[in-house]
Amino acid sequence: MTAGALAPAVLHARTRTSAGHVAVIGAGVFGSWTARALMGAGYRVTLIDAHGPANMLASSGGESRMTRAGYGRDRIYSRMAIESLADWKALSERALLPIFHPHGVLFFAAGEPDYFRDILDAHAELGRPTEALGRAEMAKRFPMIDFDGVDTGVFEPGFGALMARRGVQTLVAEMIASGLDYRRGKAMPLCAFDGAVEAIALSDGTRVEADSFVVAAGPWLPKLFPTLLGGRITPTRQEVFFFAAPDGDRRFGPAHLPGWADFNGGDLYYGFPDLEERGVKFAHDRHGEPVDPDSQSRRPSKEALADIIAFRDRRFPALKGARLVDARVCQYENSSNGDFLIDRHPAHPNLILVGGGSGHGFKHGPAVGRIAADLVAGKPQSEARFSLATKEKAQKRSVI
């Protein structure tokens with residue numbers, strides 16, 4: 001799926017529909033599902049990415065992402081997660097290999113956090129069969145976890161893990177088979193246009209003309225729009241680690257261990273079972289240092305590994321001494337508070353900005369795509385929280 005030799009100075013796609021032509025820049029989870037929603041609405045779509053769908057430099061690359069509806073009081077994200085799960089399940093059923101692993105998700109913490117009570121209230125309203133668990137029940141059901149210092153838990157059956165790279169690449173391959181025009185090329189900064197955008201320049205000197213444009217460039221958004229988004233979308237370094245389960249020990253597979261998140265006194269750690277024999281995954285969900293996605297080192301740090309091992313040995317004692325089998329360095333692209341950016345460019349009405357996944361966006365890809373497609377169609381902004389006007393430069397994360 002590469003552009004190959006592109007002779008024309010301007011790429012004109014063949015007319016197949018009357019809805020118009022949309023160019024989507026960025027073939028990560030947001031851009032790919034936006035392309036899917038646009039195609040479903042009858043648009044002719046060109047999807048462009050510098051390195052390929054869900055590549056390893058992007059925030060949508062890598063192995064696994066959690067899908068859950070537990071968002072405390074943020075019912076908007078609970079609803080979007082539930083809505084999107086149906087699309088992920090359907091894609092998984094069509095795929096040669098599974099994209100969705102329904103092993104459930106367990107949150108646990110000391111005390112009785114308001115966040116947990118809000119999840120239970122929201123899920124009762126939404127009809128989700130979520131369970132409130134005490135320490136004794138969790139210890140009985142999940143004996144591979146040491147719940148010392150833990151009082152309460154919330155278990156979401158029916159959710160679990162999405163295989164990130166496989167999911168996006170499967171979706172893009174399906175769309176190509178259905179007529180998507182996929183191009184591999186690097187988009188250049190869009191800073192020289194007045195009024196409606198007519199074309200986007202690529203690094204090889206070609207241009208792609210379209211009626212509308214969607215830029216879903218993840219951590220590259222502030223590089224494409226430095227004046228508008230610099231400081232409002234902040235890429236940060238994130239590290240994840242995978243460890244081999246003890247020989248012959250089946251407790252760490254998805255049939256026994258759910259996805260989990262430890263609200264460790266406000267310092268969140270999370271992880272996954274041993275999915276497809278790739279190792280038990282651990283990560284510390286705190287925003288790392290700001291980085292440039294093009295130049296940051298992809299070498300895992302000794303400090304991050306030591307932090308994860310100390311947590312692992314305390315909370316998962318059977319994994320003490322477990323062999324490190326893989327480690328990844330990626331990035332979040334954070335908005336000021338964790339809300340997504342899905343809005344029109346203030347100077348270019350036919351240009352839609354989509355991003356700010358903030359470490360929790362992957363699961364919401366289908367719902368985000370539909371919202372972005374509605375903006376392309378001229379519909380009004382449906383959710384003020386996703387507007388550019390709400391994006392500030394002071395980082396104060398509130399969506400978890």
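Values below: all heavy atoms of this structure, side chains included; hydrogens, waters and symmetry mates excluded. All residue numbers in this chain count up from 1 along the given sequence.
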>> Set out, in order, the CA-CA distance, both residues' side-chain angles and the distance that settles side chain to side chain contact (heavy atoms under 4.5 Å, CB included) for Gln296 and Arg298, then state yes or no.
In response: CA-CA 6 Å; Gln296 76 151 320; Arg298 301 286 169 159; 3.8 Å; yes
>> Quick check: is Phe155 connected to Leu85 through a chain of hydrophobic side chains (ILVMFWY, heavy atoms under 4.5 Å apart)?
In response: no
>> Using 0.5 Å steps for rounding, measure from the CG atom of Asp339 to the CZ atom of Phe386.
In response: 6.5 Å
> Among the clusters formed by ILVMFWY side chains lying less than 4.5 Å apart, do Tyr43 and Val368 turn up in the same one?
Replying inline: yes
> Under the side-chain hydrogen bond (donor to acceptor under 3.5 Å, both in side chains) criterion, do Asn334 and Thr236 qualify, and how do the steps go?
Replying inline: CA-CA 7 Å; Asn334 304 295; Thr236 59; 3.0 Å; yes
> Going by atom types only, do Asp374 and Ser382 share a side-chain donor-acceptor pair under 3.5 Å?
Replying inline: no
> Under 4.0 Å between a Lys/Arg side-chain N and an Asp/Glu carboxylate O for Asp292 and Lys223?
Replying inline: yes
> Is any side-chain N of the basic residue among Asp285 and Arg397 closer than 4.0 Å to the acidic one's carboxylate O?
Replying inline: yes
> Knowing that exactly one of Phe252, Phe242, Tyr270, Phe316 qualifies, which makes a ring-ring contact (aromatic ring centres under 6.0 Å, His included) with Phe282?
Replying inline: Phe316
>> Which label fits His287 and Tyr332: parallel for a plane angle under 30°, tilted from 30 to 60°, or perpendicular past 60°?
In response: perpendicular
>> Are the side chains of Phe241 and Arg312 in contact, using a 4.5 Å heavy-atom criterion?
In response: no
> Does any non-hydrogen side-chain atom of Val329 lie less than 4.5 Å from one of Glu239?
Replying inline: yes
> For the side chain of Arg183 and the backbone of Thr46, is there at least one donor-acceptor N/O pair under 3.5 Å apart?
Replying inline: no
>> Taking the side chain as everything from C-beta on, heavy atoms only, tell me whether Leu275 gets closer than 4.5 Å to Glu63.
In response: no
> Phe243 and Ile309: side chain to side chain contact (heavy atoms under 4.5 Å, CB included), yes or no, with the steps?
Replying inline: CA-CA 10 Å; Phe243 299 93; Ile309 287 176; 4.1 Å; yes
>> Test your reading of the model: is there a side-chain donor-acceptor pair from Arg65 to the backbone of Lys363, 3.5 Å cut-off?
In response: no
>> Has Ser84 got a side-chain atom pairing as donor or acceptor with Ala367's backbone, closer than 3.5 angstrom?
In response: yes
> Counting N and O atoms only, with roles assigned by atom type, does the side chain of Gln331 sit under 3.5 Å from a partner on the main chain of Pro219, one being a donor and the other an acceptor?
Replying inline: no
> If only atom types and distance count, is the side chain of Lys391 paired as donor or acceptor with the main-chain N or O of Phe340 below 3.5 Å?
Replying inline: yes
>> Working to the nearest 0.5 angstrom, can you tell me the gap between Glu137 CD and Lys140 NZ?
In response: 6.0 Å
> Are the side chains of Arg128 and Phe159 in touch, meaning some heavy atoms are under 4.5 Å apart?
Replying inline: yes
>> To check you understand the geometry: which heavy-atom pair defines the closest contact between Pro222 and Gly218, and what is its length?
In response: CD-O, 4.2 Å
> Which value, rounded to the nearest 0.5 Å, describes the distance between Leu224 atom CG and Ile200 atom CD1?
Replying inline: 7.0 Å
> Can you get from Trp220 to Val214 by hopping between Ile, Leu, Val, Met, Phe, Trp and Tyr side chains that sit under 4.5 Å apart?
Replying inline: no
> Any chance CZ of Arg323 has more than 12 other-residue heavy atoms, nucleotides or ligands included, within less than 6.0 Å?
Replying inline: no
> Would you call the rings of His348 and His345 parallel, tilted or perpendicular if under 30° counts as parallel and over 60° as perpendicular?
Replying inline: tilted
> Is there side-chain contact between Leu229 and Leu388, with heavy atoms separated by less than 4.5 Å?
Replying inline: yes
>> Please evaluate residues Glu174 and Leu91 with respect to the criterion side chain to side chain contact (heavy atoms under 4.5 Å, CB included), reporting the C-alpha separation (whole Å), side-chain torsions for both, the decisive distance (0.1 Å), and the verdict.
In response: CA-CA 10 Å; Glu174 279 192 351; Leu91 183 65; 3.6 Å; yes
>> ring pair (Phe, Tyr, Trp, His ring centres under 6.0 Å), that's the test. Do Trp88 and Phe362 meet it? Break it down for me.
In response: CA-CA 11 Å; Trp88 286 116; Phe362 192 94; 5.3 Å; yes
>> If you count every heavy atom of other residues, nucleotides or ligands that lies below 6.0 Å from Arg73 atom CZ, does the total exceed 12?
In response: no
>> Would Arg68 and Tyr71 count as a cation-pi pair here, with the cationic atom under 6.0 angstrom from the ring centre and within 45° of the axis?
In response: yes
>> The criterion is ring-ring contact (aromatic ring centres under 6.0 Å, His included); which residues satisfy it with Phe311, sequence neighbours excluded?
In response: Trp260, Tyr269
>> Could you measure the distance from the CD atom of Gln395 to the OG1 atom of Thr234? Nearest 0.5 Å is fine.
In response: 4.0 Å
> In terms of side-chain heavy atoms, does Asp74 have a donor or acceptor partner in Tyr115 at a distance below 3.5 Å?
Replying inline: no
>> So which atom in Ala322 and which in Ala244 form the shortest heavy-atom distance, rounded to 0.1 Å?
In response: CB-O, 3.4 Å
> Is the number of heavy atoms from other residues, nucleotides or ligands within 6.0 Å of CD (Glu112) greater than 12?
Replying inline: no
>> Do Asp181 and Arg44 have side chains that approach each other closer than 4.5 Å (heavy atoms only, starting at C-beta)?
In response: no
> Do Arg328 side-chain atoms and Gly61 backbone N/O form a donor-acceptor pair below 3.5 Å?
Replying inline: no
> So, the side chain of Gln381 versus the backbone of Leu375: is there a donor-acceptor pair under 3.5 Å, distance only?
Replying inline: no
>> I'd like to check the ring-ring contact (aromatic ring centres under 6.0 Å, His included) partners of His51; sequence neighbours left out, ordered by chain and number.
In response: none
> Can you name the nearest heavy-atom pair linking Arg250 to His256, along with the distance?
Replying inline: O-CD2, 3.1 Å
>> One pair to check against side chain to side chain contact (heavy atoms under 4.5 Å, CB included): Asp211 and Asn350. What are the steps and the verdict?
In response: CA-CA 7 Å; Asp211 301 302; Asn350 68 331; over 6 Å; no
>> Is there a path of hydrophobic side-chain contacts, each under 4.5 Å between heavy atoms, that joins Leu257 and Leu106?
In response: yes
>> Given 3.5 Å as the limit, does a donor-acceptor pair link the side chain of Thr152 with the main chain of Gly111, or not?
In response: yes
> What are the two closest non-hydrogen atoms of Ala23 and Ile25, and how far apart are they?
Replying inline: O-CD1, 3.9 Å
> Roughly how far, to the nearest 0.5 Å, is the CD1 atom of Ile342 from the NE2 atom of His364?
Replying inline: 10.0 Å
> Heavy-atom count around Arg75 CZ within 6.0 Å, excluding the residue itself: above 12?
Replying inline: yes
> Going hydrophobic residue to hydrophobic residue with side-chain gaps under 4.5 angstrom, can you get from Leu38 over to Ile371?
Replying inline: yes
> Is a side-chain N or O of His123 found less than 3.5 angstrom from the main chain of Ala69, in a donor-acceptor match?
Replying inline: yes
> Under a 4.5 Å cut-off applied to non-hydrogen side-chain atoms, are Phe225 and Leu351 in contact?
Replying inline: yes
>> Can you confirm if the NZ or CZ of Arg315 lies within 45° of the ring axis of Phe108 and under 6.0 Å from the centre of its six-membered ring?
In response: no
> With a 4.5 Å heavy-atom cut-off, do Glu131 and Arg141 have their side chains touching?
Replying inline: yes
> Are His21 and Glu209 close enough that a side-chain donor and a side-chain acceptor fall under 3.5 Å?
Replying inline: no
> Looking only at atom types and distance, does a side-chain atom of Ser358 sit under 3.5 Å from a main-chain N or O of Ser335, one as donor and one as acceptor?
Replying inline: yes
>> As an exercise, state the distance from CE of Met80 to CD1 of Ile82, rounded to the nearest 0.5 Å.
In response: 12.0 Å
> What is the ring orientation for His360 with Tyr77, classed by angle as parallel under 30°, tilted 30 to 60°, or perpendicular over 60°?
Replying inline: perpendicular
